[in-house]
Amino acid sequence: AQSVTQLDSQVPVFEEAPVELRCNYSSSVSVYLFWYVQYPNQGLQLLLKYLSGSTLVESINGFEAEFNKSQTSFHLRKPSVHISDTAEYFCAVSVRAGGTSYGKLTFGQGTILTVHP
Amino acid sequence: NAGVTQTPKFRVLKTGQSMTLLCAQDMNHEYMYWYRQDPGMGLRLIHYSVGEGTTAKGEVPDGYNVSRLKKQNFLLGLESAAPSQTSVYFCASSYLGADTEAFFGQGTRLTVV
């Protein structure tokens with residue numbers, strides 16, 4: 001079985017400050033890694049994903065995440081946040097195992113990022 | 001292009017009542033999922049479907065049933081609602097494979113009193 005731990009339930013920051021949202025996972029098999037974002041009263045949207053290749057992946061709105069296999073981590077970072085980044089962020093994994101995992105996602109508990117002016 | 005649409009958006013049930021949540025997707029996705037979201041617990045998979053006519057249990061299936069009679073629709077049923085089923089329910093769909101993006105509906109907020 002897989003598990004995902006997000007180490008911070010809430011992260012308050014000021015606008016234009018850097019932020020890091022931490023995610024660690026545990027799995028006995030290889031996984032794909034995802035970050036999803038949930039804006040207030042909305043569903044989840046994919047922010048970025050790691051499938052293979054370069055361990056650093058980026059989103060179109062300035063977030064990046066680095067896959068660290070030895071530390072089983074996939075932390076999300078942004079060098080300068082905006083008010084509009086206020087949302088809840090979820091780290092998730094899905095099992096790579098051929099065609100039998102069917103894209104089922106195991107989520108972390110979520111981190112609420114609040115950006116203050 | 002509507003994506004994933006859930007109905008209703010809000011519902012209050014009395015303990016013991018039944019209801020059905022409807023999910024519809026217009027992206028021709030094979031896989032569909034029902035998750036529940038509870039504070040501090042993230043999202044947990046209730047049931048999922050890998051194609052029309054198929055369903056399977058997820059992590060927390062007890063007290064729920066599902067059906068996928070048509071490829072575009074995935075129904076979640078509560079036969080006898082309990083207060084522990086108070087939650088926000090999300091439907092999602094994906095094309096194929098564990099590496100593809102899941103598209104989520106806007107959620108159904110259910111309160112069981």
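Proteins get letters first, then strands, A, B, ... in listed order; numbering begins at 1 in each.
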Begin from the C-alpha positions of A:Q45 and B:F104 and carry the test side chain to side chain contact (heavy atoms under 4.5 Å, CB included) through to its verdict.
CA-CA 7 Å; A:Q45 304 171 34; B:F104 285 80; over 6 Å; no
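- A distance of 11.0 Å separates OG of B:S49 from OH of A:Y102, quoted to the nearest 0.5 Å.
- B:L43 and A:L7 are assigned to two separate hydrophobic clusters, defined by single-linkage of ILVMFWY side chains at heavy-atom distances under 4.5 Å.
- Atom CD of B:E79 has 12 or fewer neighbouring heavy atoms from other residues, nucleotides or ligands inside a 6.0 Å radius.
- Looking at A:L44, the atoms closer than 4.5 Å to chain B (heavy atoms on both sides) sit in the backbone and in the side chain alike.
- In B:R109, the CZ atom is not crowded: 12 or fewer heavy atoms of neighbouring residues, nucleotides or ligands sit closer than 6.0 Å.
- Using a 4.5 Å cut-off between heavy atoms, B:Q37 contacts chain A through its side chain alone, with no backbone atom that close.
- Residue contact with chain B, scored on non-hydrogen atoms closer than 4.5 Å, is absent for A:L33.
- With values rounded to the nearest 0.5 angstrom, A:K104 atom NZ is found 9.0 Å from B:Y33 atom OH.
- Only the side chain of A:Q38 comes within contact range of chain B, judged by heavy atoms closer than 4.5 Å.
- Annotation: maximal heavy-atom pairing with chain B below 4.5 Å, among A:V93, A:V31, A:L105, occurs at A:L105.
- Hydrophobic clustering (ILVMFWY, side-chain heavy atoms < 4.5 Å, transitive): A:W35 and A:Y50 are in one cluster.
- A 6.0 Å sphere centred on CD of A:E16 holds no more than 12 heavy atoms belonging to other residues, nucleotides or ligands.
- One hydrophobic cluster, built from ILVMFWY side chains closer than 4.5 Å, holds both B:Y31 and A:Y32.
- Counting all heavy atoms, side chain and backbone alike, B:T100 lies closest to A:K49 at CA-NZ, 4.4 Å.
- When heavy atoms are compared at a cutoff of 4.5 Å, A:F34 approaches chain B solely by way of its side chain, counted from C-beta outward.
- Between A:F107 and B:Y35 the shortest heavy-atom distance is CE1-CE2, 3.8 Å.
- With hydrophobic clusters built from ILVMFWY side chains whose heavy atoms lie under 4.5 angstrom apart, B:I46 shares a cluster with B:V112.
- Remark: B:Y95 OH is loosely packed, at most 12 non-hydrogen atoms of other residues, nucleotides or ligands lying under 6.0 Å away.
- Interface residue B:L45: only side-chain heavy atoms are found under 4.5 Å from chain A.
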